Number of protein chains: 2
Amino acid sequence: MVDDEMPLGLCRGMVLSLDTVFAALADPTRRAILSMLLEDDMAVTDVAEPFEISLAAISKHLGLLASAGLISQEKRGRVRWCKLEPDALREASVWMQGFGQFEPVNLDAFERFLAAELVAPEAECD
Amino acid sequence: MVDDEMPLGLCRGMVLSLDTVFAALADPTRRAILSMLLEDDMAVTDVAEPFEISLAAISKHLGLLASAGLISQEKRGRVRWCKLEPDALREASVWMQGFGQFEPVNLDAFERFLAAELVAPEAECD
DNA sequence: GGCATATTCAACCAAATGGTTGACGATGAA
DNA sequence: TTCATCGTCAACCATTTGGTTGAATATGCC
């Protein structure tokens, strides 16, 4: 596809961050990691602790999140600290707003959502 | 992974819609299609017209968007009309806005440095 | 130095993804 | 009826993804 022919101003390089951000968010393990980092910064090992997959797999997930800009990582001593970077979501969020006249910026809705989808394993999750 | 041990209430089947919605949004062709449908409903052939990939590939993309709930498809005559369903974005949008809204608790100098350093170069997209 | 801990790397694997082509069913038009 | 159009299906292919394991690298501690 040639840029001139691309619909609605899409052009290569511009969409890369949307690609990577949305792809990063498409995985439930990575979303769970982001939720954990919402509480506090964490070391890689501690991030991995609740999951059953290998540490190497978690390390890959963290690398992907970092390359999408959703987290940052800083090595102090032998521990690599992972920190949420919520700003990276802004571009994607703005993109999504373009499609909706959803009620914008509703933190109540978010908290309800977290309650329902993230922090409530009791819901028939036998 | 056993559900009991899953962090933050993740359990299978529950997060499926976020998975599929974000995965659908992770592809630039599909986002372009959604942008086109923002203007008006379109037939599959017309959706495919600006792209260089095959009609079959576009058909697959549309099927994926439909299964994610982001569009609906209705066959009238021999034409299948595609229609944007922006409501499907609401859940994902709420999820993202929640993260974006959290004022970073511990935004220190290092992170600010990273943010400045890693900001994508302004893509001049006419 | 020697050992344990923290994390990544490299090689591999299975499954999913995004694309192709050609055949096919369904529909509208001549 | 015959033909062109609309769209999907099936089979295939290359690449990416998400996982594994085992080795390697860094760092902290005794």
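Predicted, not measured: the structure shown is a model, and the values here were computed from it. Reckoned from all heavy atoms, side chains included, excluding hydrogens, waters and symmetry mates. In what follows, chains are A, B, ... by sequence order, proteins preceding strands, each numbered from 1.
- Taking atom CD of B:E49 as the reference point, atom P of D:dT5 lies 15 Å away to the nearest angstrom.
- Closest approach of B:A68 and B:V21 over heavy atoms only: O-CG2, 3.7 Å.
- Atom pair A:F22:CZ and C:dT17:C1' shows a separation of 18 Å (rounding to whole Å applied).
- For the side-chain contact (heavy atoms from CB on, under 4.5 Å) criterion with B:M42, the lone passing option out of B:I33, B:I71, B:V47, B:L62 is B:V47.
- A:L65 has its CG atom 12 Å from the P atom of C:dT8, to the nearest Å.
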Along nucleotides 19-30 of chain C, 5' to 3', which nucleotides get a B, which get an S, and which get a -, given that the test is a protein heavy-atom distance under 4.0 Å?
-> BBB-----BS--

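- Between A:T45 and C:dT5 there is no side-chain polar atom (N or O) within less than 4.0 angstrom of OP1 or OP2.
- If you measure from atom CG of B:L64 to atom P of D:dC9, you get 13 Å, rounded to the nearest angstrom.
- Between A:R80 atom CZ and D:dA26 atom C1' there is a gap of 11 Å when expressed in whole angstrom units.
- For the pair A:W81 CH2 and D:dT27 C1', the computed distance is 15 Å after rounding to whole Å.
- Between A:E74 and A:R76, at least one side-chain N (NZ, or NE/NH1/NH2) sits under 4.0 Å from a carboxylate O, which counts as a salt bridge.
- A donor-acceptor contact shorter than 3.5 Å is absent between the side chain of B:R30 and the backbone of B:L25.
- Minimum atom distance to the side chain of B:A43 is reached by D:dG7, of the listed C:dG18, D:dG7, C:dT8.
- Side chains of B:W81 and B:K75 form no contact here, defined as non-hydrogen atoms less than 4.5 Å apart.
- Shown here for A:M96 and B:S93, the closest heavy-atom pair between the two residues is CE-N, 3.3 Å.
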